[in-house]
There are 4 protein chains.
Amino acid sequence: MSRGNTHQRIQDVALELFVAQGYDKTSLREIAERLGVTKAALYYHFKTKEDILLSIFDAANRPVTELIEWGREQPRTLETKKEILRRYSDVLHRAQPLFRFMQENQATIRDLSLGDQMKKRMLGLSDLLVEPDAALVDRVRAATSLFTMHAGTFALRGLEDDPEERREAVLTVAHEMITAAHHGE
Amino acid sequence: MSRGNTHQRIQDVALELFVAQGYDKTSLREIAERLGVTKAALYYHFKTKEDILLSIFDAANRPVTELIEWGREQPRTLETKKEILRRYSDVLHRAQPLFRFMQENQATIRDLSLGDQMKKRMLGLSDLLVEPDAALVDRVRAATSLFTMHAGTFALRGLEDDPEERREAVLTVAHEMITAAHHGE
Amino acid sequence: MSRGNTHQRIQDVALELFVAQGYDKTSLREIAERLGVTKAALYYHFKTKEDILLSIFDAANRPVTELIEWGREQPRTLETKKEILRRYSDVLHRAQPLFRFMQENQATIRDLSLGDQMKKRMLGLSDLLVEPDAALVDRVRAATSLFTMHAGTFALRGLEDDPEERREAVLTVAHEMITAAHHGE
Amino acid sequence: MSRGNTHQRIQDVALELFVAQGYDKTSLREIAERLGVTKAALYYHFKTKEDILLSIFDAANRPVTELIEWGREQPRTLETKKEILRRYSDVLHRAQPLFRFMQENQATIRDLSLGDQMKKRMLGLSDLLVEPDAALVDRVRAATSLFTMHAGTFALRGLEDDPEERREAVLTVAHEMITAAHHGE
DNA sequence: AATGAATGAGGATTCATTCAT
DNA sequence: TATGAATGAATCCTCATTCAT
């Protein structure tokens, strides 16, 4: 029953606590206690606290990477762009906790090497949505279509609706933005 | 010239460091050292570390409060809404460091009583931009117009342009969103 | 009664424990407990554990530095060399614990920046005792005269005598060596 | 080819690291990693960390024991004493790393039961070089002749010469000391 | 002959905070 | 208006060691 799943469990509990309290305010003691293991056990599985976080990221980042790769092979039509946003919406919703964590702990992430990784990923996505030499307004539109989806997933929880409905609304707005950006070109 | 302005200087240095490294990773020792005073001196001026942060917020929040109050007295026309976004853009740019800090330290802010304050402020603004019973899409549009401006101020720094130009582009896009939201109603 | 003498007391107790158990095996907890203070108190007075050690060295190294300076201004006669050894013997006996510590913790000292310091000091002394271009045997003799005194102070405690007598015997032998080295030149 | 020689390899790597970094600062993890095995594997071959060190000593100590035994059977002439120093020089140079380790980690060795062992060995050697009831100066001379050789092997590396030449010079000086001690009797 | 998983004890260090002066 | 001295609690991390497999 202890078949290498401790590794997993650490990641799960860690993410849970990181999301609930922030990375800095979550101590390894806490993680260990929740798991019913010693702090030292964590260090058997991960070299550092940062390492735990990185490993979680790696797992959750794969879908985004795949999405970017997929996008690169598509024709750069409006329909493609919409599909990308659709898929990104999916990814976001599937790994909600992680993305919420990223949104709320930017300061921490910045100095954790993750900063660059994330920036690159975002730029990679952006590049699929507008030509780099597009008009400034259009580039803002494209970026905004992405941000809308992030914001819509985490920050708009005030609009206490059926989450699925909200998700669709957000996607609609994002599509509008990308459509405008596309025609601007 | 050093008459009671230590209070000020503490706030300034603190904000600077909070922005640069995050709240959690900034220690009182650091702040004190930069100022050439003792940690204990900080405690003469502020009751706790959190207090320093709160005092900074209070100062920077007044403009937003004023904006909301002003908005409440205006007719709810599209032109008013645009003006609100224009003014909010101003506020954002004038207090950039603080808002950037808020953006990057959401996790910290959340448990610091500031969370609620901020949420209320955002909702206050939102309420000026859409009726609470508007269609979901329109509410998303309104929220997005605000988020766009936040994102545009901090996160879009990759689009290395003349900042003034960028600010205008962002405002343009925000205006588009609020216009759409307004007509949807 | 708490007049800045804690700094002193820390150095004293630390040296005592470092000598008795070695640097690595002496924990800050131990030092603090012996002093009836908190570990944190140590950190108020010294930046790191290494810092405590360094501060002790600085204090004890001054006499050696002075001796070297004095030696540089003397004529390079045999009598001068003997006087140097005599004075060095004094220094050694006055700061016995520290020198014993150095002798027994060379491995530790090596990576603690102290290594170089010590090497330089020994070479400085050596240079007063032989010309750098003297015959190899004579250089060995000079070096040995110094080592004899170190060994004689700490390692020869087996020869359970009156320490003062032993010290004189050691000095005699050292003098013989330096005499031989001097005539060899 | 990997038949039971792991035992050996552990000793080799351990000594190498002990010499390079000191006993305390060398962890079993490090040793294991260098060997490409698990820490647990070390425990298959040795009961404790200390055990590894002891086993290394045992191997290297035999020659000294043999030298002492040989010395006991010889007539106590000056020539014998010189020969003992000559042979000791050999032993020292053959097991340089180990002896260097002992020199630099005396503090550690002291509490590791090795302390007594070493002390006895040194006294055993000493006893071959002077009568226990000789004049104090002569006993100091004898002890010094031994220390010279230790110092000459490790600490005099500053005198960057041909090592073989240096070794001879050191032996010459040691011989002088023992000669003086012999005639003093 | 060796591994994978874990532990318990302890290490140095940092932090926000307090209080007498 | 500040400082000097100190604390208590917590932090991340490392280590030698164990044991079932």
Side-chain angles (χ1 to χ4, degrees), chain A residues 1-7 10 24-32 35-52, chain B residues 2-7 10 23-32 35-52, chain C residues 1-7 10 24-32 35-52, chain D residues 2-7 10 23-32 35-52:
Chain A
M1 200 252 227
S2 67
R3 270 240 67 79
N5 70 339
T6 294
H7 201 89
I10 292 175
D24 293 305
K25 254 143 11 217
T26 301
S27 70
L28 294 186
R29 180 178 47 73
E30 237 174 324
I31 299 178
L35 283 164
V37 276
T38 331
K39 269 180 291 169
L42 303 186
Y43 280 93
Y44 175 75
H45 292 281
F46 299 91
K47 271 213 319 238
T48 70
K49 185 185 179 186
E50 187 173 340
D51 230 58
I52 300 182
Chain B
S2 67
R3 271 252 72 84
N5 70 339
T6 295
H7 201 88
I10 293 175
Y23 177 81
D24 292 305
K25 258 144 12 220
T26 301
S27 70
L28 294 187
R29 177 174 51 68
E30 240 174 323
I31 298 177
L35 283 165
V37 283
T38 324
K39 268 183 291 175
L42 303 185
Y43 280 89
Y44 177 79
H45 292 281
F46 298 92
K47 262 199 352 215
T48 71
K49 185 186 179 185
E50 189 173 340
D51 231 57
I52 300 181
Chain C
M1 199 251 227
S2 67
R3 272 239 66 80
N5 70 337
T6 295
H7 201 89
I10 292 175
D24 293 305
K25 255 148 2 221
T26 300
S27 71
L28 294 186
R29 180 178 50 72
E30 239 175 322
I31 299 178
L35 283 164
V37 275
T38 329
K39 270 182 289 172
L42 304 185
Y43 280 92
Y44 176 75
H45 292 280
F46 298 91
K47 270 212 320 237
T48 72
K49 184 185 179 187
E50 188 174 340
D51 229 59
I52 300 182
Chain D
S2 68
R3 271 250 73 84
N5 69 341
T6 295
H7 201 88
I10 292 175
Y23 177 80
D24 292 305
K25 257 145 8 215
T26 301
S27 70
L28 294 187
R29 178 175 51 70
E30 238 174 323
I31 298 176
L35 283 165
V37 282
T38 326
K39 267 182 293 172
L42 304 184
Y43 280 90
Y44 177 79
H45 292 280
F46 297 92
K47 262 200 348 216
T48 70
K49 183 185 180 186
E50 189 173 340
D51 231 57
I52 299 181

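Proteins come first, then strands; the chains are lettered A, B, ... in the order of their sequence lines, and each starts at number 1.
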Base-pair string, DNA chain F, Watson-Crick plus G-U, cut-off 3.5 Å on both distances, | for inter-strand, is .||||||||||||||||||||

Protein heavy-atom contacts under 4.0 Å, written 5' to 3' over nucleotides 15-21 of chain E as B (base), S (sugar-phosphate only) or - (none), form the string BBBBB--

query = Who passes salt bridge (charged side-chain N to carboxylate O under 4.0 Å, His left out) against Lys25(B), sequence neighbours left out?
reply =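 Result, salt bridge (charged side-chain N to carboxylate O under 4.0 Å, His left out) vs Lys25(B): Asp111(A).
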
By side-chain hydrogen bond (donor to acceptor under 3.5 Å, both in side chains) - contacts of Glu50(A) (at least two apart)
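Residues passing side-chain hydrogen bond (donor to acceptor under 3.5 Å, both in side chains) with Glu50(A): none at all.
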
Taking for Thr38(B) and for Thr38(C) the nucleotide of DNA chain F with the nearest heavy atom, the one nearer the 5' end belongs to Thr38(B)

If I take atom [atom1] in residue [X] and atom [atom2] in nucleotide [N], what distance separates them, rounded to the nearest angstrom?
X: Tyr44(C); N: dA12(E); atom1: OH; atom2: P; answer: 22 Å
X: Leu35(D); N: dT3(E); atom1: CG; atom2: C1'; answer: 15 Å
X: Leu42(A); N: dA5(E); atom1: CG; atom2: P; answer: 14 Å

Search all heavy atoms of Glu30(C) against all heavy atoms of Thr26(C) and return the closest pair with its distance.
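Nearest pair, atom of Glu30(C) first, then Thr26(C): OE1-CA, 3.8 Å.
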
Hits for side chain to side chain contact (heavy atoms under 4.5 Å, CB included) against Ala41(D), two or more places apart or cross-chain, chain-then-number order -> Val37(D)

Residue set satisfying side chain to side chain contact (heavy atoms under 4.5 Å, CB included) with Thr38(B), at least two apart, ordered chain then number -> Ala40(B)

Subject >> Value rounded to 0.5 Å, distance of OG in Ser27(D) from NZ in Lys39(D) >> reply: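 Separation between the atoms: 8.0 Å.
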
Could you state the interatomic distance from CD1 (Ile10(D)) to CG (Leu42(D)), rounded to the nearest 0.5 Å?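 Between Ile10(D) CD1 and Leu42(D) CG, I get 5.0 Å after rounding to 0.5 Å.
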
Side-chain N or O of Thr6(A) less than 4.0 angstrom from OP1 or OP2 on dA5(E)?
no

Whether His7(B) contacts dT1(F) is assessed here as follows: a side-chain N or O lying under 4.0 Å from the phosphate OP1 or OP2. Is that the case?
no

Taking the six-membered ring of Tyr43(B) as reference, does the cationic atom of Lys49(B) (NZ for Lys, CZ for Arg) lie under 6.0 Å from its centre and within 45° of its axis?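 Not satisfied by the 6.0 Å and 45° rule.
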
